[in-house]
Number of protein chains: 2
Amino acid sequence: MSIREVAKRAKVSTATVSRAIHHDSRVNSQTAERVWRAVRELNYYPNVHARSLASGRSHIAGLIVSDITNPFFPELVQGFAEAALESGYDTLVASTNYDAARTSLAIRRMLERKADGVAIMTSEMDESLIAELKNRNVPMVFLDVAAPGRLISNLRVDYADGVGTAVRHLISLGHRRIAFLSGPDNLKSARVRREAFLECLSNAGLAIEDPRMVTDGGHRIDGGFDAMQRLLALDERPTAVLASNDLTAIGALRAIRNAGLRVPEDISVVGFDDIQLAAFTDPPLTTVRLPRTEIAERAFECLARNMDLGQEDGAEPVIATKLIVRASTAPYRG
Amino acid sequence: MSIREVAKRAKVSTATVSRAIHHDSRVNSQTAERVWRAVRELNYYPNVHARSLASGRSHIAGLIVSDITNPFFPELVQGFAEAALESGYDTLVASTNYDAARTSLAIRRMLERKADGVAIMTSEMDESLIAELKNRNVPMVFLDVAAPGRLISNLRVDYADGVGTAVRHLISLGHRRIAFLSGPDNLKSARVRREAFLECLSNAGLAIEDPRMVTDGGHRIDGGFDAMQRLLALDERPTAVLASNDLTAIGALRAIRNAGLRVPEDISVVGFDDIQLAAFTDPPLTTVRLPRTEIAERAFECLARNMDLGQEDGAEPVIATKLIVRASTAPYRG
DNA sequence: GCTCGCGCTGTAAACGTTTTCGAGAATAAG
DNA sequence: CTTATTCTCGAAAACGTTTACAGCGCGAGC
């Protein structure tokens, strides 16, 4: 089952077998056919380790995520692995668990397995760690962190647009008093979303006068619950809220129901992310979808540019969001 | 950065370096120390491809699942990968998407990457496909399919016990009219759960007289919704229901609320699986947990027995379930 | 007729480890 | 003191590919 046996059966040298398998145009089509027949008859497939050793290419793409258990990631993994597979790459996924030591370990594994490229889809990533990847000239792609560079790509998510369509959706439903449940300030994406919200509202002539209308939900269910309770205690409570995150929105849903009010009749709620759970809340949550599959595919494409197409520069595609209207929003009822 | 440079710096042969790295007891402790120092100074790490080629062991563990997007699997993947990592294995995960062609492709990938063992955690698996793995003597472990054999292990889930504790929980709360929302009959695990339910009830002297008290929920939310509506339409409706699956239970929750009744005051509901969503339903769902992390760890252990310990036979650990009591069950109120 | 180029194929040297075999030195046994 | 044994190590042969390099046959150009 080695290349030598194929060579013997096809009555050629191993070099020719190798070339035929790689569809090298230099081999005569008849010989190639002979080789392929032998391959089929012997049910031969190449030893990837020997191949990697000789060629220097592992045909492994690395994918580093924070936590595969976080509902954001499985789709990402799936999409990436799928795209990789189509280009003949296997995917090596590593989970950092939001932990520095494990992150370092993840990088090390990528290095050891000699990944041809690695997608780093987690925010907690130290500059010093990626340095080694950079030194070894392995292409990388990040999610929304920095500018692209040599062999380094970046996926830019258009959060502002996502927030914008959500806000316009609420405005078009007649809402005027719109509150925002913000996320942790140390998260760049959370900050961007809040700023976008404020700007969008003031662009529409609805600039927020009461600062309590923007309150922290911490990107968690309980945080959203508490934050919504604060909003409900206001003299003039909002008729609609936009959450920085679906979990926050779910917490808000509970708080509203808990207060004896109804969604969407009394208050409209919009989330952000479109995690799977969002479709199963009661009522199903209107939310801004972050297209995970697309992110995954773009990420691999960026790597492929460098790995297969021989490009040296990085790309920076922008990822558009999409408003998914479900049942948690309804027209304002004066 | 090759073993040769380390050898040169430590003034030994590559053989000795290799041995030292593998903590071979035959190398003198002083020379070993010299080697390790050189390794550190050069920041050397071995080339896995060369290693695999020479040793014939890839240190890759395969994991085949149906659909990583299905909330059952991420934890499984995580647990498995974690356990594998601790033993120095990287995990290659493949998703079959419930599709025969992709399943075959997954197996092929395992073969090509020369996985040292593979865990097959999906039911749709053809005998003919695993034949090739068997031929190549790669250890396998399955989830609840057949008996173990040479290099083949099986994880047996104790569904009967899980159903039993759930039923006893309801009985101890005073419930006597308990219904069952069953799953698809072509799923072995679904059949087992239903049989266990019936037997458990008759053991308690509460044998079901009305066959309509066991009705198909199809393991889906909408199926559970419809099934529960049928139960609610009965003259004597149940005071508690056990679902074969959490999704079914969630559908039931909706149907009950939809009918103007309350959980758990009017009807108690118990699910099965303990998917993440179960903790976030309203009310949070009492359910029987299928310990995914434990399944994953056991699965890897089974492989490790064969891969590292040199055992030839397969194991068959049994996986115990656990009742998670949340807020969807309450004492019967006459 | 000679050279050149082209199309095709084979030889053999990598790639970086592991591992067998054997040798030399030191130690123990007799 | 000789012989066996144990320790420690190195030389070199795998492992199964890829890929420079060279070679061969053959038709074309001169």
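Chain A is the first sequence line, chain B the second, and so forth, proteins listed ahead of strands; every chain is numbered from 1.
- The interatomic distance linking Asn47(B) (CG) with dT17(C) (C1') rounds to 8 Å, in whole Å.
- For DNA chain C, the residues of residues 15-31 of chain B within the heavy-atom distance limit of 4.0 Å (strictly under) are Ala15(B), Ser18(B), Arg19(B), His22(B), sorted by number.
- One finds a salt bridge joining Asp274(B) and Arg289(B) here, because a Lys/Arg side-chain nitrogen approaches an Asp/Glu carboxylate oxygen to under 4.0 Å.
- As a whole-Å value, the separation of Arg51(B) CZ from dA14(D) C1' is 17 Å.
- Within the 3.5 Å criterion, the main-chain N or O of Lys114(B) finds a donor-acceptor partner in the side chain of Ser58(B).
- Salt-bridge check for Lys8(A) with Glu5(A): failed, with every basic side-chain N at 4.0 Å or more from each acidic carboxylate O.
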Verdict with supporting geometry, Glu82(B) and Thr293(B), side-chain contact (heavy atoms from CB on, under 4.5 Å): CA-CA 10 Å; Glu82(B) 201 94 13; Thr293(B) 301; over 6 Å; no
Step by step, would you call Asp90(A) with Glu112(B) a side-chain contact (heavy atoms from CB on, under 4.5 Å)? CA-CA 11 Å; Asp90(A) 273 324; Glu112(B) 290 191 349; 6.0 Å; no
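- In this model, the phosphate group of dT17(C) is not approached by any side-chain N or O of Tyr45(B) to a distance below 4.0 Å at OP1 or OP2.
- Side chain of Asp116(A) to main chain of His59(A): a donor-acceptor pair is present (N/O by atom type, distance under 3.5 Å, no hydrogens or angles).
- Contact check of residues 2-13 of chain A against DNA chain D (heavy atom, cut-off under 4.0 Å) returns Ser2(A), Ile3(A), Arg4(A).
- The residues Asp308(B) and Arg57(B) are annotated as salt-bridged, a charged nitrogen and a carboxylate oxygen being separated by less than 4.0 angstrom.
- Among the nucleotides dT18(C), dG16(D), dT19(D), the one closest to the side chain of Leu53(B) is dG16(D).
- Taking the six-membered ring where tryptophan is involved, the planes of Tyr89(B) and Phe300(B) are perpendicular, since the angle between them exceeds 60° and thus also 30°.
- In this structure, CZ of Arg113(B) is placed 17 Å from P of dG16(D), rounded to the nearest angstrom.
- Across the protein-nucleic acid pair, Glu112(A) atom CD and dG16(C) atom P stand 16 Å apart, rounded to whole Å.
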